[in-house]
Number of protein chains: 2
Amino acid sequence: MNTDYFTIGKLAKDTDTKVVTIRYYESIGLLPAPLRTGHNYRLYNCDHFKRLSFIRRCRSLGFPLSQIREIIALTDQPDEDCQKVDKIARGHLDIIESKIQDLTQLASELRQKITACQGGTIAQCCILKNLLKQNTTPIKSAS
Amino acid sequence: MNTDYFTIGKLAKDTDTKVVTIRYYESIGLLPAPLRTGHNYRLYNCDHFKRLSFIRRCRSLGFPLSQIREIIALTDQPDEDCQKVDKIARGHLDIIESKIQDLTQLASELRQKITACQGGTIAQCCILKNLLKQNTTPIKSAS
DNA sequence: ATGCAGTCTATAGTTACTATAGGGTCAAGC
DNA sequence: GCTTGACCCTATAGTAACTATAGACTGCAT
Ligand SMILES: [Zn+2]
Ligand SMILES: [Zn+2]
Ligand SMILES: [Zn+2]
Ligand SMILES: [Zn+2]
């Protein structure tokens, strides 16, 4: 219903996106190029706003641009089975979950090292000692 | 005690690092340039091995190279207070922990969207609908 | 008329690597 | 002596998703 046009600055504000990022999305073909004014200013409409909002919402959920691109392409086939969309989402969730596991592991290792250190000189620092202690000699290869 | 020299391939194997990565570390000044053979092959010694092992261990804990560089620089001042080291480690832990929080939040949002979808066409897909539903019109600015 | 915010293009920088091209070297087997 | 394959060398470009900078133009308010 809204047929108004607006500049890149307004679009940026309304979608909480930097101006340069919007131009970047256009340059990689993720956001369609808008009309231009007589003085070459970009003029966006509501569809651009919707598209960019969608992109940003996906990005805020951590989807990479490549997958966002795929999802957008899928919306051009509205009668297809939505399993493809769901699969992308589930795959992404798997990645997030395994990242959480990795980071949790890291955090506990690091926390352990940190709490071990009660201060002193750098030469005595338990964190450094701990980081340095293993594998101090290369394996002599049999060959 | 070990005064042997070895090639980049052996160093790579023993530290589980790719050859190109070792050269990269040298190029950015993180790993000292080793001696060369008459035919320009890099010849590493035990110190290189220790240094690279340390770098890789820090990397595997998620420390960025910039911080690893700082930590290494600090080891040149063994009589300083180790608080600087500890601070870097604690700052890094904070970042990891906040990443875990963010990702946990993301995962739960995404899980919610995914479980909402019971299949159907793409036009009906609950995940997409959910991703599209908010903010479908730009805010009319007062100005 | 002047100033400042907004817009334009093009290019380079960021992080931590990875990949490729195009070449030289070394050791083993025939 | 020659080939084959694994290893080494440099230099350059590509990756993800932007961010920063330079140099120039526009639009609007005072
Ligand atoms: Zn300490
Ligand atoms: Zn300590
Ligand atoms: Zn679905
Ligand atoms: Zn659905």
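Per chain, numbering begins at 1; letters A, B, ... match sequence-line order.
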Euclidean distance, atom CD of residue B:E70 to atom C1' of C:dT15 [Å, nearest integer]: 15 Å
Given DNA chain D, 5'-ward residue of the pair B:G9 and B:V20, judged by closest heavy atom: B:G9
Donor-acceptor pair, side chain of A:R23 and main chain of A:S27, under 3.5 angstrom: no
Flag for B:R56-B:T17: side-chain donor and acceptor within less than 3.5 Å: yes
Earlier contact from the 5' end, DNA chain C, for B:R56 and A:L43: A:L43
Contact list for residues 63-81 of chain B, test side chain to side chain donor-acceptor pair (under 3.5 Å), sequence neighbours left out: B:E80-B:K84
Transitive ILVMFWY side-chain link B:L11 to B:V19, under 4.5 Å: yes
Side chain to side chain donor-acceptor pair (under 3.5 Å) contacts touching residues 96-107 of chain B (sequence neighbours left out): A:R111-B:E97, B:Q105-B:E109
Range on DNA chain D touched by chain B - first to last nucleotide, heavy-atom distance under 4.0 Å: D:dC7 to D:dT10
Protein-nucleotide distance (B:R69, atom CZ; C:dT14, atom P), rounded to Å: 11 Å
Contacts of type side chain to side chain donor-acceptor pair (under 3.5 Å), residue A:D16, not counting sequence neighbours: none
Residues from residues 22-42 of chain A lying under 4.0 Å of DNA chain C - heavy atoms: A:R23, A:R36, A:N40, A:Y41, A:R42
Degree of bending in the helix from C:dA1-D:dT30 to C:dC30-D:dG1 once both end axes are built from five pairs, to 10°: 20°
Between P of C:dT15 and CD1 of B:I68, the distance in whole Å: 13 Å
Shared hydrophobic cluster, A:L61 / B:L132 (ILVMFWY, side-chain heavy atoms < 4.5 Å): yes
Under-4.0 Å side-chain N/O to phosphate OP1/OP2 contact, A:T7 with C:dT7: yes
Atom-pair distance (NZ on A:K18; C1' on C:dT7), nearest Å: 18 Å
